[in-house]
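All values reported here derive from a predicted model rather than from experimental measurement. Residue numbers begin at 1 in each chain, while the letters A, B, ... track the order of the sequences.
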Number of protein chains: 2
Amino acid sequence: MEPATTRRDYERELRQAGIRITKPRKVILQILTGSEDHPDAMAIFRRAVKIDASISLATVYRTMKLLEGLGAVHRHAFEGGPARFEHADGAHHDHLIDLDTGKVIEFHSETIERLQQQIADELGYDIEHHRLELYGRKRR
Amino acid sequence: MEPATTRRDYERELRQAGIRITKPRKVILQILTGSEDHPDAMAIFRRAVKIDASISLATVYRTMKLLEGLGAVHRHAFEGGPARFEHADGAHHDHLIDLDTGKVIEFHSETIERLQQQIADELGYDIEHHRLELYGRKRR
DNA sequence: AATGCAAATGCAAATCGTTTGCAACTGGAT
DNA sequence: ATCCAGTTGCAAACGATTTGCATTTGCATT
Ligand SMILES: [Mn+2]
Ligand SMILES: [Mn+2]
Ligand SMILES: [Zn+2]
Ligand SMILES: [Zn+2]
């Protein structure tokens, strides 16, 4: 049977956007698509250095900005820390951040999404994007 | 008739929290309670200097942190810019940011709030606080 | 396979928003 | 009026991110 979703081919996408596939970009894309967490630039950099020791942090930042512009990654600015990233594969979701562990849990509510639309409608706005973050602690 | 809501007396609150009412704090509180917008530290500083030319930006930052800790102000980290503040008087609300003008529009949905609770419940979490920001443009 | 050149890189320095060390200065309790 | 811990202004430090620039590299062209 077929996989439920086809994985995006980011290198193809970059190429057809007229952007060069360089070694650092290959490495960073590989890290991004191979991770299911939300690493920050420094974490991506550390992982990248293991694959290609010559990569610089500046290039990680430049690449994240490039990929964000192409819609290939999402940037999150959770409270307190540096920006964190995730590949833009997969469906939209929002985040619950565990204040004790820093763990990020993904969730999605179609109802909330609809209500957001409705609110924007009533205010005469079109939503470009939004951000819903819940900060909490495990109940015990 | 009485006003619908009684305005908080921040100076009293500070005093009873064992915190000194200094001149810079008076000025900053006056600015905060007298504003209905969401100024950043530099904007607060500029307004403060007009009232007392000796105030420093460092004190604005220190005071904002102090007031935030006391629950007297809320800090927002909207996309792109520096942190912005508003006094914590009034009821909870979320924000719609106009991407063209930077204008911040407040809204509230009891239904969304309830759904957030429900989601956290199902994930076994207690929400400490949350952040819902809509970024959009005026429909035309 | 060699050439050419704009695009991309690494490095270090710069920038931005925010925080902090420290000596001088109050607020407010006595 | 005195006292002293809390608070201030200043400048320097900070962490995250961006940028200038000389060098390297992808890749389109021969
Ligand atoms: Mn996610
Ligand atoms: Mn508000
Ligand atoms: Zn959402
Ligand atoms: Zn809310």
Side-chain angles (χ1 to χ4, degrees), chain A residues 10-31 38-70 72-85 102, chain B residues 10-31 38-70 72-85 102:
Chain A
Y10 287 111
E11 291 196 16
R12 172 170 300 284
E13 286 184 37
L14 292 212
R15 213 166 239 118
Q16 80 186 40
I19 286 158
R20 291 187 186 171
I21 311 300
T22 64
K23 198 168 171 197
R25 285 175 182 164
K26 262 202 244 288
V27 169
I28 290 167
L29 281 172
Q30 169 188 339
I31 288 165
H38 302 76
D40 61 32
M42 182 53 72
I44 294 169
F45 172 64
R46 283 189 302 258
R47 296 177 200 181
V49 163
K50 288 189 201 159
I51 301 173
D52 174 353
S54 76
I55 284 174
S56 74
L57 182 56
T59 292
V60 172
Y61 276 109
R62 279 190 281 236
T63 303
M64 297 323 291
K65 181 168 287 194
L66 176 82
L67 294 176
E68 191 189 3
L70 294 171
V73 312
H74 291 143
R75 171 191 304 262
H76 302 294
F78 299 137
E79 275 184 11
R84 299 169 65 166
F85 304 89
Chain B
Y10 287 112
E11 292 197 16
R12 172 171 299 283
E13 287 184 37
L14 292 212
R15 213 165 239 119
Q16 78 188 39
I19 286 160
R20 290 189 187 167
I21 310 301
T22 63
K23 198 168 170 196
R25 285 176 183 161
K26 261 202 245 286
V27 170
I28 290 168
L29 280 172
Q30 169 188 341
I31 289 166
H38 301 76
D40 61 31
M42 182 53 72
I44 293 169
F45 172 63
R46 283 190 300 260
R47 295 178 201 182
V49 163
K50 287 189 204 160
I51 301 173
D52 174 354
S54 75
I55 283 175
S56 74
L57 182 56
T59 292
V60 172
Y61 276 109
R62 278 190 282 237
T63 303
M64 297 324 290
K65 181 168 288 195
L66 176 82
L67 295 176
E68 190 189 3
L70 294 172
V73 311
H74 291 144
R75 170 191 304 262
H76 302 292
F78 299 138
E79 276 184 10
R84 299 170 63 167
F85 305 89

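- Atom C1' of nucleotide D:dA16 and atom CG of A:Asp40 are separated by 10 Å, given to the nearest angstrom.
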Passes side chain to side chain contact (heavy atoms under 4.5 Å, CB included), A:Leu29 versus A:Ile21? Steps please.
CA-CA 10 Å; A:Leu29 281 172; A:Ile21 311 300; 5.8 Å; no
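- With hydrogens and angles left out, the side chain of B:Arg15 and the base of C:dG28 share no donor-acceptor pair within 3.5 Å.
- If you take CE of A:Met64 and P of D:dT18, they are 11 Å apart, rounded to a whole angstrom.
- Take the nearest nucleotide of DNA chain C for B:Ala83 and for A:Ser56: the residue whose nucleotide is more 5' is A:Ser56.
- A sub-4.0 Å separation between OP1 or OP2 of D:dG6 and a side-chain N or O of B:Thr22 is absent.
- Judged by distance alone, with hydrogens and angles left aside, the side-chain atoms of B:Arg25 form a donor-acceptor pair with the main-chain N or O of B:Arg20 at under 3.5 Å.
- Across the protein-nucleic acid pair, B:Arg62 atom CZ and C:dC25 atom C1' stand 13 Å apart, rounded to whole Å.
- The B:Lys23 side chain lies nearest to C:dG27 when the options are D:dT7, C:dG27, C:dA12.
- Nucleotide D:dC4 has C:dG27 as its partner under the Watson-Crick or G-U criteria, with both atom distances under 3.5 Å.
- As the counterpart of C:dT9, D:dA22 is assigned, both hydrogen-bonding distances of the Watson-Crick or G-U wobble pattern falling under 3.5 Å.
- B:Arg25 has a side-chain polar atom (N or O) that falls below the 4.0 Å cut-off from OP1 or OP2 of D:dT7.
- The distance from atom OH of B:Tyr61 to atom CD1 of B:Ile28, rounded to the nearest 0.5 Å, is 12.0 Å.
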Please step through side chain to side chain contact (heavy atoms under 4.5 Å, CB included) for the pair A:Thr59 and A:Thr22, ending with a clear verdict.
CA-CA 11 Å; A:Thr59 292; A:Thr22 64; over 6 Å; no
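- One interatomic measurement links the two molecules: CG of A:Leu70 to P of C:dA8, which rounds to 11 Å at whole-angstrom precision.
- Phosphate proximity of C:dT19 to B:Tyr61: absent, as no side-chain N or O sits under 4.0 Å from OP1 or OP2.
- Taking atom CD1 of residue B:Ile44 and atom P of nucleotide C:dG17, one finds them 14 Å apart after rounding to whole Å.
- Regarding contacts with the backbone of C:dT9, every side-chain N or O of A:Ser54 stays at 4.0 angstrom or more from both OP1 and OP2.
- Note: B:Arg46 CZ to B:Ile55 CD1 = 14.5 Å, rounded to the nearest 0.5 Å.
- D:dT8 atom C1' lies 17 Å from atom NZ of B:Lys65, rounded to whole Å.
- Checking D:dC10, D:dT17, C:dA7 against every side-chain atom of A:Arg20, the shortest atom distance belongs to C:dA7.
- Nucleotide D:dT18 holds its C1' atom 11 Å from the CZ atom of A:Arg75, rounded to whole Å.
- For the pair A:Lys26 NZ and C:dA7 P, the interatomic distance rounds to 19 Å; values are reported in whole Å.
- For B:Ile55, the side-chain atoms get nearest to D:dG9 when compared with the rest of D:dG9, D:dT17, C:dA12.
- Between A:Thr59 and C:dG10 there is a side-chain N or O to OP1 or OP2 distance below 4.0 Å.
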